J.: 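The following block contains the structure, expressed as C-alpha cells.
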Protein chains: 4
Amino acid sequence: MHRNKQQTGRPRDTRVDAAITAAVIELLEEVGYTGLTVAAVAERAGIGKASIYRRYAGKHEMAFAAIIHGRTLEVPPDTGSLLGDLTALARVIVGHLTNPGAATALMSLLGEAAGDPALASRFTRTFVEPERAGNAELLERAVRRGELARMPDVDLFHAMFGGTVMSWLFICHHDPHDLPERLARFACAALLSTTTTPAISR
Amino acid sequence: MHRNKQQTGRPRDTRVDAAITAAVIELLEEVGYTGLTVAAVAERAGIGKASIYRRYAGKHEMAFAAIIHGRTLEVPPDTGSLLGDLTALARVIVGHLTNPGAATALMSLLGEAAGDPALASRFTRTFVEPERAGNAELLERAVRRGELARMPDVDLFHAMFGGTVMSWLFICHHDPHDLPERLARFACAALLSTTTTPAISR
Amino acid sequence: MHRNKQQTGRPRDTRVDAAITAAVIELLEEVGYTGLTVAAVAERAGIGKASIYRRYAGKHEMAFAAIIHGRTLEVPPDTGSLLGDLTALARVIVGHLTNPGAATALMSLLGEAAGDPALASRFTRTFVEPERAGNAELLERAVRRGELARMPDVDLFHAMFGGTVMSWLFICHHDPHDLPERLARFACAALLSTTTTPAISR
Amino acid sequence: MHRNKQQTGRPRDTRVDAAITAAVIELLEEVGYTGLTVAAVAERAGIGKASIYRRYAGKHEMAFAAIIHGRTLEVPPDTGSLLGDLTALARVIVGHLTNPGAATALMSLLGEAAGDPALASRFTRTFVEPERAGNAELLERAVRRGELARMPDVDLFHAMFGGTVMSWLFICHHDPHDLPERLARFACAALLSTTTTPAISR
DNA sequence: CATTAATCGAGACGGTACGTCTTGTCTTGCA
DNA sequence: TGCAAGACAAGACGTACCGTCTCGATTAATG
C-alpha cells in the first residue's frame with residue numbers, strides 16, 4: 001500500500017488492524033457494502049477514522065482487505081476422480097459465495113472495480129490469479145490420472161466454473177443446493193469431450 | 001412498476017421518460033455509474049428531479065430502467081447448426097457487455113441488488129427471465145434439428161453461458177475477441193455429451 | 001387582483017372561495033403560516049390547486065385574504081370616557097392578536113411584506129388604514145366629549161397603540177391579561193398630557 | 001448554544017463562525033431573508049454546508065445568530081434630561097430597524113418565531129431581555145435625576161417604545177425622519193404624567 | 001534519560017449527492 | 001369555461017458520507 005517509510009516514531013498498533021478487519025466484516029453482514037461507512041467502522045472498532053485512512057486509500061481498499069482476509073480458495077483434496085474433484089470445487093465456491101456479507105460485498109466490490117481499473121487489477125492479482133492457479137492444479141491432476149488426454153482451455157474453464165456459480169446465485173437467484181452436482185457433471189462432460197480429440201486450434 | 005392508478009389528473013408525459021433514458025445512457029458513457037448523478041440527469045434531460053423520483057424509487061431504479069431499455073436480448077437468427085447458434089449468441093452477449101457504460105452500470109447494479117431483494121427480483125423478472133427464455137428457444141431449435149437428443153438443463157446452461165462471459169470480462173479481464181468461438185465450442189461439446197445418453201437424474 | 005374578465009364561460013363557484021378560506025384558517029391554526037402549503041389547502045378544501053391560483057397571486061395573497069376575512073376592527077361602542085374607550089380598544093386588539101393561527105400568520109405575513117412592497121402596500125390599504133380611521137374616530141369622540149383639548153398626533157397614537165400590543169405579545173411574550181388596563185391608562189395619560197397645552201409644533 | 005462538551009477532537013474554527021456571520025449579513029442585504037439560502041451562505045463563506053448545520057439547527061438559527069451579532073442595543077449616553085435620553089434611544093432603535101437587510105430579516109425571524117417556541121424563547125433571551133434592561137437603566141437615570149417620582153411600568157414602556165417604532169416602520173410604513181422627537185415627546189409626557197401621582201395599583 | 005517523530009482517538013473541515021418538499025404553471029377529462 | 005386531479009420545471013432543504021485536517025495525548029526507538 002503506502003508503507004515503507006517506517007524508520008522512527010511510534011509503530012503501528014497491530015490491534016488496530018485487527019479491529020478494523022473485524023468491524024468491517026461485522027458491518028458488511030449487517031448493512032452490506034453500500035451501507036458500510038468508514039465512520040461506522042471506526043466507531044465499531046473503537047478507533048479514529050485517521051487510523052483507517054493511514055492504512056487504506058479509501059473505503060474500497062478497506063473493504064477489499066477485510067473481505068479477502070484469509071479467503072484463499074485452497075484446492076479441495078484429491079477425490080480420485082475428475083467428477084469428484086469438480087463437485088468438491090463447486091461446493092467450495094458455492095460455500096464461499098453463499099457466505100452472507102462477504103458475498104454481497106464481493107459483488108459490490110466487483111461493481112466498483114468495473115469503473116476503477118486500479119481496484120480491478122488489484123482484485124485480479126489477489127483474488128482471481130490464485131483461483132485460476134488452483135483450477136489449473138485440479139485439472140492437471142486429471143491429466144496425470146489419465147482422465148483427460150491433455151490440458152483443456154484453463155482460462156475458459158476458470159471463467160466458466162466460477163462465473164456459472166456467480167450467475168446462478170446472484171443473477172438467476174436459483175437454489176444452490178444441487179448446483180455442485182449439476183455443474184460438475186456438465187463441466188466434466190465438456191472437459192472430457194473437448195480433450196479426447198486432439199486440440200485443433202489453440 | 002407502480003402505475004395503474006391513473007384515472008384522473010394530467011397524464012405522464014412520455015417525452016419525459018424518453019429524455020430521462022437518453023440522459024442516463026449519455027451520462028453513463030461519460031462518467032460511469034458511480035459518477036452518475038440524479039441532478040445531472042435531470043439537467044441533461046431538461047426536466048426536474050421530481051419527475052425522476054415520481055417514476056423511480058432512486059438512482060438504482062432509474063439506471064436499471066435506462067440500461068435495460070430495449071435491450072431484449074433477442075435470439076440470434078438460426079444459423080443452421082448448434083455451434084453456429086451458440087457462437088452467435090455469445091457474440092450478442094459479448095457485444096452487450098462490452099458496451100461502455102452499460103456494462104459498469106450493470107455490474108454496479110448487480111452489487112446493489114445483492115443487498116436489495118426488491119431490486120433483485122425486479123432485475124430477475126425484467127432481465128433474466130427473458131434471456132433464459134431466449135436460450136431455451138435456441139436449444140429447442142437444436143432439438144428440433146436433431147442435434148440434441150433431448151432438452152438439456154436449461155437453467156444451468158443459461159447461468160453458465162452468460163456467467164462465463166461476465167466472469168471472462170469483469171473478473172478475469174481477458175480479451176473478448178475470440179471468446180465467442182471458444183465458449184461456443186466448449187458449450188456445444190458439453191451439450192452434445194450430456195444429451196446423447198438419456199438423462200439419468202433430473 | 002386579476003378578476004373582472006368574467007363575461008363568459010362557467011361562473012366561479014362561490015363554495016370554492018368559502019372552502020379555501022375555511023381550509024386556510026384551519027390549517028393556520030394547525031401548522032402555522034410557514035407550515036402552510038397550497039397543496040394542503042387544496043386537499044383540505046377538496047379542490048384543485050389551480051382554483052386557488054386562479055383567485056390569488058400566491059400563497060401570501062391566499063393567506064392574507066383568509067386572515068382578514070371579516071376582521072374589520074370596528075370601533076368599540078362609546079363607553080363614555082376616553083379611558084374606557086381605550087381599554088375597550090385594547091381589549092379588541094388583544095383579542096384579535098391572541099386568536100391562535102391568525103396571529104402567527106399575521107406576523108409571518110408582516111415578515112414577508114418587509115421584503116415585498118406590493119404585498120406591503122396591499123396590507124396597509126386593507127388592514128392598516130381602516131384601523132387608523134377607527135382610532136381617529138375614537139379620539140374624536142374624546143375631543144367632542146371635551147376630555148381632549150384638541151386632536152392628538154393620530155399617526156403616532158395609532159402606531160403606538162397597536163405596536164405596543166404586538167410587541168407585548170410577540171416580542172416580549174408577556175401575559176396579556178391585564179395589558180388593556182395598563183396600556184389604556186398609559187396612553188390616556190399621554191394623550192391628556194400632550195393635548196392640554198396647545199400644540200407647539202406640527 | 002449547545003457547546004461545552006468539547007474536551008476532545010478538533011476544535012471549532014472560529015474563522016468559520018466569522019465567515020458565516022459575514023456571509024449571512026452580506027446576503028441578507030443583497031437578497032433578503034426569504035432569498036437567503038444555506039447553500040449560498042456556505043459558498044460565499046467558502047465553507048461547507050455541514051459546518052453551518054453543525055452550529056445551527058437550520059436557516060432560522062443561522063440568520064438569528066448573524067443578525068444579533070454585536071447588536072447589543074447599548075444605552076445611549078446620558079443627555080441630562082429624560083426627553084433627551086428618550087430621543088436618543090428612539091434614534092438608536094430607528095437606526096437599527098432601518099438598517100437594510102437586518103430589519104427585514106428581523107421581521108421575518110419574528111414571523112418564524114411566532115410558530116416556533118424554541119426560537120421565540122431564544123430570541124427573547126438574547127435580544128429582548130438586554131434591551132429591556134437598557135430601557136430600565138435609562139428610566140432609573142431619570143428617577144435619580146428627580147425627573148420621575150418613581151419607577152414607571154418598565155415592561156409596558158419597553159413594549160411600547162420598541163413596538164411603536166416597529167409598527168411605524170413596518171406596519172404603517174411612515175417616514176421615520178421625525179419619529180424620534182414625536183415618540184420621545186409622547187413617551188415623556190406619559191411617563192411624567194403616570195409617575196407624579198403615587199401608583200394606585202401595581 | 002531525554003528527545004523525537006509517528007501513532008492514537010476524536011471530531012471539525014470543505015465538498016457533494018441524496019431524496020423530500022414546495023411553488024406556481026400546465027394538461028388532462030368531466031360537467 | 002370552471003373544476004379536481006395531478007404532472008411538470010425549478011430549486012432549497014436538511015441529512016449523510018467521503019477523505020483531509022487539526023488537536024492533545026501516547027508510545028517506542030534513537031541519541
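What you see is a predicted model, and the numbers here were worked out from it, not measured in a lab. All chains are named by letter (A, B, ...) in the order of the sequence lines, taking the proteins before the strands, and each is independently numbered beginning at 1.
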J.: CZ of B:R54 versus P of E:dT27: gap in Å, rounded?
T.: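 After rounding, the gap between these two atoms is 15 Å.
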J.: Kindly write out the residues that satisfy salt bridge (Lys or Arg N to Asp or Glu O under 4.0 Å) with B:R15, not counting sequence neighbours, or none if the list is empty.
T.: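 With neighbours one apart ignored, the set is B:D13.
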J.: Rounding to a whole Å, what distance do you find between A:I20:CD1 and E:dC8:C1'?
T.: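 Taking atom C1' of E:dC8 as the reference, CD1 of A:I20 is at 11 Å.
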J.: Name the pairs: protein N/O against N/O of nucleotides 19-23 of chain F, kept only if under 3.5 Å.
T.:
from, atom 1, to, atom 2, distance (Å)
F:dG19, OP2, A:Y53, OH, 3.0
F:dG19, OP2, A:K59, N, 3.3
F:dG19, N7, A:K49, NZ, 3.1
F:dG19, O6, A:K49, NZ, 2.8
F:dC21, O2, D:R10, NH1, 2.9

J.: Could you tell me how far apart D:R15 (CZ) and E:dC13 (P) are, to the nearest whole angstrom?
T.: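 Answer to the nearest Å: 10 Å.
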J.: DNA chain E: A:A42 or D:A45, which has the more 5' nearest nucleotide?
T.: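 Mapping each residue to its closest nucleotide by heavy atoms, the 5'-most match is A:A42.
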J.: When all nucleic acid strands are considered with a 4.0 Å heavy-atom cut-off, which category describes B:I52: base, sugar-phosphate, or nothing?
T.: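 Result for B:I52 = nothing.
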J.: Could you give the CZ-to-P distance, from A:R12 to E:dT7, as a whole number of Å?
T.: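 Nearest whole value for this atom pair: 5 Å.
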J.: Both B:D13 and A:T37 contact DNA chain F. Which one's nearest nucleotide lies toward the 5' end?
T.: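 That would be B:D13.
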J.: Go nucleotide by nucleotide along DNA chain F from the 5' end; which of D:A40 and C:E43 gets its closest nucleotide reached first?
T.: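 Closer to the 5' end of DNA chain F: C:E43.
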J.: To the nearest Å, how far apart are D:R55 CZ and F:dG14 C1'?
T.: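 Result: 17 Å.
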J.: Can you tell me how far P of F:dA9 sits from CG of B:D17, to the nearest Å?
T.: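 Roughly 11 Å, once rounded to whole Å.
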J.: If you check every side-chain atom of A:S51, which of E:dG14, F:dC18, E:dC8 has the closest atom?
T.: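 When the side chain of A:S51 is considered, E:dC8 is the closest of E:dG14, F:dC18, E:dC8.
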J.: Name the residue from C:V24, C:V31, C:I25 that meets the side-chain contact (heavy atoms from CB on, under 4.5 Å) definition with C:L28.
T.: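 Only one of C:V24, C:V31, C:I25 forms a side-chain contact (heavy atoms from CB on, under 4.5 Å) with C:L28, namely C:V24.
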J.: What residues, two or more places apart in sequence or in another chain, satisfy side chain to side chain donor-acceptor pair (under 3.5 Å) together with B:T21?
T.: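 With sequence neighbours excluded, B:T21 shows a side chain to side chain donor-acceptor pair (under 3.5 Å) to no residue whatsoever.
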J.: The criterion is side chain to side chain donor-acceptor pair (under 3.5 Å); which residues satisfy it with D:E26, sequence neighbours excluded?
T.: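 With neighbours one apart ignored, the set is D:R44.
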J.: So, for A:A65 and A:Y56, which heavy atoms are closest and what is the spacing to 0.1 Å?
T.: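 Result for this residue pair: CB-CE2, 3.6 Å.
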J.: Can you list everything that forms a side chain to side chain donor-acceptor pair (under 3.5 Å) with A:T124? Sequence neighbours excluded, please.
T.: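 If we apply the side chain to side chain donor-acceptor pair (under 3.5 Å) test to A:T124, skipping adjacent residues, the hits are B:H173.
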J.: Measure CD1/A:I47 against P/E:dA10 and give the value in whole Å, please.
T.: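 The answer, rounded to whole Å, is 9 Å.
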J.: Could you pull out all residues at least two apart from A:F123 that satisfy ring pair (Phe, Tyr, Trp, His ring centres under 6.0 Å)?
T.: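 Partners of A:F123 under the ring pair (Phe, Tyr, Trp, His ring centres under 6.0 Å) test: A:F127.
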J.: How long is the line joining CG of B:L36 and P of E:dA17, in whole Å?
T.: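 That distance rounds to 11 Å.
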